[in-house]
Amino acid sequence: SKLPDHVILSGGPNNRYWVVDVEDGPGYKKLIISCSRTLHPTETCLLKDGWETTPVRRGDVVHLEGRSDAGTWLVERDQGFLVLQPDSLISGTSISNSIRCMRRAVLGEIFDGGSKQMLNGTMVHEVFQGAAKAKDFSSEKLFKLADEALHSPRYLGDMYTLGVSQEEMKQELLDYLPSLENWASEYLSSSKPKSIGLKILNPSRAPGGCQESNAVVTVTDLTDIEENVWSPRFGLKGKIDVTAQVQIQRPRTSRSPEEKTFPLELKTGRESNSIEHRSQVILYTLMSMERYNPEAGLLLYLKTGSMHPVAPSHMDRRELLKLRNTLAHHLHNSVEKGADLSNLQRLPDILTSRQTCQYCPQKLNCALYESFTLYPSDDVRDFLQQECGHLAQQHLNYFSHWLLLCILEAVTMETKNSRKHIWLQSIESSEKNGSCVGNLQLKDAVAAQAEDVFLHRFQRTGSAPSQSATNCGLTNGDRIVVSDQDGRLVGLATGYLCEVDKTSVSCTLSRDLSKFRDVLFRLDADEGVVGMSTHLTNLSRLMENCQDSERLRKLIVDLRPPEFIFNLSSVLPRDAKETVADILKGLNKPQKQAMKKVLLSKDYTLIVGMPGTGKTTTICTLVRILQACGFSVLLTSYTHSAVDNILLKLKRFRVGFLRLGQGQKIHPDILPYTEENVRKKGVHTLLDLEQLYNKELVVATTCMGIKHPIFTRRRFDYCIVDEASQISQPICLGPLFYAHRFVLVGDHQQLPPIVQNKEARSLGMDESLFKRLEVHGEAVVQLNVQYRMNRQIMSLSNSLMYDGRLECGSERTAAALLTLPSLASVQSELRSHSETHPQHDLSWVQFTLLPSNPVCFLDCSLAGCRPSDVGVIAPYRQQLKTIQALLQSPTFSGLEVNTVDKYQGRDKSLIVLSFVRSNTEEGHLGELLKDWRRLNVAITRAKHKLLMVGSAVTLRRFPPVEKLLDHLQQEDMISFKKNWLDLLPPAAHRSLSSMFL
DNA sequence: CCTCTGCTGAGAGGA
């Protein structure tokens, strides 16, 4: 087997072994393993006494705990653990969920979802934790905390979702307070605290035996709440409700009691002391091993105030880790690579137990996954009929097709962005690539800025802090995660970077780290884990047995033709007619058509916005018209910037709206319209919140922002999705559930959704919903009148993509040329340069500069033009960096160098498009330039002048570019035959570029 | 051979 590049192995206590081979025998399994990249030398690991059923395969990464003798590991009944794929951290709740049903646990990791009647539990936790933090369990304090929770924005949102009143919640919450107070007075604050008997199991040397001893434990302090733990040693993660300081008095010793730290798990439900609850505690003791090495944990039932000790045996830990391994196995093998096609892997078996399955939140997904089984048992068939009976074959096909695509993509994203495992990356290598700052020590007091926002300042120590300060890739506002440097306290807190300089770093964190004053910290970029769960949850929702889902299924899966009404007067309210007519005045013909089509639609409309045709203006106008008619509108797009662009326009027309989303990403001028800001004006009751959510006809957010509570109840007349041709189907689907009709705006001749996995792309994952629905021509309106490019530049795109359908909006647009105030002087300088240096004939530059040549292709600059009017585009990042380096001088500040993708939706007066590729030799071509759509975007960004640089011979091998070159040749727009950079020595090139500006 | 935007999260309980 060959080791993939992203796999990191290690020996020692935090070992990571690669499984080279697996040998099965009766009652045992033998692994050939290696922790060297060359896979040599190898060691062996013998699994027995139940461990042999571990679903470990060749090519897996494992971590081993226990003993090894001369390169032989033994994992058996009473000693040793094997952790399969230890770098996939699995949460404590997932594992304890898997006890009842492994299938449910696997589905729970793939799809998010769950029942929603847990609000009371969350709030009781909050109150307890607040009291623990304040070290005050008096009834006054508890009452105050309960009152705060009832008015806190977080829970108001949840109450809105559930539709429960504040009064109801208050009653439930208050019921708990006496037992909280009681618990504290008995166990914590009393002078003679109540003790808990604890049977501690000491593994004994004698084979097969454990010594049991009775110890007495008292809680002395509650030192932390919601501690976040990542344990790459056991492949676990979780949040510990309360971290408790305890005293343990051992039996038969007169020594003073021992101080220890135990995890304390709170439960608000029935006092079941169930396996699930106890397992959760055991998992917390395991994952906090590096921190506190707790031999036991505590389980506190807040309804009654009774506390149970949980002292795990080796067997308890063994069985839970085995469950973890099975879960990890299923998550890592969600697709099966066939000869040339991948397939969805089977999940663990269905239980079909009436009792367990009845309330399972994964019921539908469970059934959908199984719907392709050829010969289901009677039980399973009944279950499938019950869950999926409302779905036709094509619906099941659509679901499983997209499920496969999303999982394929998720696998690729996982391996490509392997940065996630910060515990495997040394400080040195992470600092070098700029994703980390190390050697930090807490300085000054931690300042609480708000609930859950703590400002920390760290002092940079260590040998050469200044060196890494300069090339530190972290910038203000970046998301970061804080850990200790020894790998004991991984992922202590997350937050945002405020400031980095040579001597210190400051950041706001979600937790107060002042108790770790002596720890040496590291700070890593937290690029964020955005998996496929939104995609999959949307897909699953599309399959639900309800009206909204059925309507969308018919339109999207069955491709039922969209319907329209015939008469505008029936939709236009009489009193809005005049306003609408007024708004329509500023529009051109196709734009007016688009408005009409939307108003007549009963299902959906697709607006094709060719380059420069005023998509944003059109959407803005559409929103104004809909609002004037009294319709509510959900306005979305894939990116925050696209959403805000429309809102900035709407704001100018004094259209009111509510903007949802994280303030960090929202345009400053739009911030006053965010929920957070409006709330500051006073939202204390559920009624206030309901009014806030219902006040505006227009609500705006990104397609991913649909987890907001508002969408659990509010519905809209229209949903508008901008950038729709760049959004993948499962994401685009999301907002559509909340509106009766929708409008997709985009252009599938421009960039498609980004898909990283090649197989997923070839199976059609880059087909947007916009493109899928375009088969219904009657739903499509084309905006083909553009106000960006002059006649010649437009002709390129027309010949490449639009068959001449693109038109100039006015003669002014068509004839607009670049203005170069100092052209004459530059031309004369060039002339004299050519005369004095005949070997460097620059007449081609003179020719290229002429505004009267609006489109030039240089086989293989600028006079009096503002740098901000100039854009440089290159398809590759690396190339951008090179060009950027050449344009470092202040003369060019404001000149933007960027990729094609980043330029989509924007324009500049003059665009220099660099195609330069150095590989003239045979070999395979890059993927990027093969895409017609990307080329189309690139050539339609310039308003007045488009300058393209590249080697025609190389480029002719890309079919789209070849077609472009043919057109250029026909129109005589190619000006030179040599690589222009070769014409000049680098220094001359540099001065020349500055001269042009 | 390479283009990159989305986003808190683990857990909150009840049959």
Trainee: Whether A/Tyr284 contacts B/dG11 is assessed here as follows: a side-chain N or O lying under 4.0 Å from the phosphate OP1 or OP2. Is that the case?
Mentor: yes

Trainee: Distance check needed: B/dT3 P versus A/Met765 CE, whole Å only.
Mentor: 19 Å

Trainee: Looking at A/Glu896 and A/Lys902, does any basic side-chain N land under 4.0 Å from a carboxylate oxygen?
Mentor: no

Trainee: Nearest-Å distance, CD (A/Glu276) to P (B/dA10)?
Mentor: 20 Å

Trainee: Check each of A/Gln129, A/Arg511, A/Lys133 against A/Glu226 using the side chain to side chain donor-acceptor pair (under 3.5 Å) test, and report the only one that passes.
Mentor: A/Gln129

Trainee: What's the gap between B/dA12 and B/dT8 when it is taken at their C1' atoms, as a whole Å value?
Mentor: 16 Å

Trainee: Tell me, which stems hold DNA chain B, with a stem being 3 or more Watson-Crick or G-U pairs in a row and both distances under 3.5 Å?
Mentor: none

Trainee: Tell me which nucleotide among B/dA12, B/dG6, B/dA10 gets nearest to the side chain of A/Thr702.
Mentor: B/dG6

Trainee: Using whole Å, what does the distance between atom C1' of nucleotide B/dG13 and atom CD of A/Gln358 come to?
Mentor: 16 Å

Trainee: Would A/Glu276 and A/Arg278 pass as an ion pair if we require N to O under 4.0 Å?
Mentor: no

Trainee: Among B/dG6, B/dA12, B/dG11, which is the nearest nucleotide to the side chain of A/Thr93?
Mentor: B/dG11

Trainee: OP1 or OP2 of B/dC7 sitting under 4.0 Å from any side-chain N/O of A/His640?
Mentor: yes

Trainee: Closest approach to the side chain of A/Met704, judged atom by atom: which nucleotide of B/dC7, B/dT3, B/dA12 is it?
Mentor: B/dC7

Trainee: Base, sugar-phosphate, or nothing: which does A/Glu226 touch, judged by heavy atoms less than 4.0 Å apart?
Mentor: nothing

Trainee: Would you kindly give the CE-to-C1' distance between A/Met123 and B/dA12, to the nearest whole Å?
Mentor: 12 Å

Trainee: Round to the nearest Å and state the distance from A/Leu162 atom CG to B/dG14 atom P.
Mentor: 14 Å

Trainee: Between atom CG in A/Leu536 and atom C1' in B/dC7, what is the gap in whole Å?
Mentor: 15 Å

Trainee: Side chain of A/Arg100 only, heavy atoms from C-beta on: which candidate in B/dA15, B/dT3, B/dG13 is closest?
Mentor: B/dA15

Trainee: May I ask you to verify if any side-chain N or O of A/Lys902 is less than 4.0 angstrom from the OP1 or OP2 atom of B/dT5?
Mentor: yes

Trainee: Determine, for A/Glu227 against A/Arg291, whether the closest basic-nitrogen to carboxylate-oxygen distance falls under 4.0 angstrom.
Mentor: yes

Trainee: Between B/dC4 atom C1' and A/Asp931 atom CG, what is the distance in whole Å?
Mentor: 14 Å

Trainee: If you assign A/Gln662 and A/Thr356 each to the DNA chain B nucleotide with the nearest heavy atom, which residue ends up on the more 5' nucleotide?
Mentor: A/Gln662

Trainee: Are any of the side-chain nitrogens in A/Asp901 or A/Arg934 under 4.0 Å away from the carboxylate oxygens of its partner?
Mentor: yes

Trainee: Output the single nucleotide from B/dG14, B/dT3, B/dG6 whose closest atom is nearest the side chain of A/Tyr359.
Mentor: B/dG14

Trainee: Which part of the nucleic acid does A/Arg270 contact within heavy-atom distance under 4.0 Å: base, sugar-phosphate only, or nothing?
Mentor: sugar-phosphate

Trainee: Using side-chain contact (heavy atoms from CB on, under 4.5 Å), reason through A/Leu660 and A/Phe711 one step at a time and then give a plain yes or no.
Mentor: CA-CA 11 Å; A/Leu660 306 174; A/Phe711 300 115; 4.0 Å; yes

Trainee: Give me the ring orientation class for A/Trp423 and A/His421: parallel if the planes are under 30° apart, tilted from 30 to 60°, perpendicular past 60°.
Mentor: tilted

Trainee: Between B/dG6, B/dG14, B/dT3, which one does the side chain of A/Tyr638 approach most closely?
Mentor: B/dG6

Trainee: Measure from the side-chain heavy atoms of A/Asp241 and tell me the nearest of B/dC7, B/dA12, B/dG14.
Mentor: B/dA12

Trainee: If you apply the rule side-chain contact (heavy atoms from CB on, under 4.5 Å), what do you find for A/Leu964 with A/Met948, and how did you get there?
Mentor: CA-CA 11 Å; A/Leu964 178 72; A/Met948 291 170 281; 4.0 Å; yes

Trainee: A/Glu723 near the nucleic acid: base, sugar-phosphate alone, or nothing, with a heavy-atom cut-off under 4.0 Å?
Mentor: nothing

Trainee: Which nucleotide wins on minimum distance to the side chain of A/Lys665, given the candidates B/dG6, B/dC4, B/dA10?
Mentor: B/dG6

Trainee: Taking only side-chain N and O atoms of A/Thr494, does any of them lie within less than 4.0 angstrom of OP1 or OP2 on B/dG9?
Mentor: no

Trainee: Please figure out whether A/Thr899 or A/Lys237 has its closest DNA chain B nucleotide nearer the 5' end.
Mentor: A/Thr899

Trainee: Validate the cation-pi geometry between A/Arg541 and A/Phe737: distance from NZ or CZ to the six-membered ring centre under 6.0 Å, angle to the ring axis within 45°.
Mentor: yes

Trainee: Please state how far atom CD in A/Glu126 lies from atom P in B/dG11, giving the value in whole angstrom units.
Mentor: 17 Å

Trainee: Mind telling me if B/dG9 is syn or anti? Syn here is a glycosidic angle within 90° of 0.
Mentor: syn

Trainee: Among B/dT3, B/dA12, B/dG6, which nucleotide has an atom closest to any side-chain atom of A/Arg761?
Mentor: B/dT3

Trainee: Under 4.0 Å between a side-chain N or O of A/Ser91 and OP1 or OP2 of B/dG11?
Mentor: yes

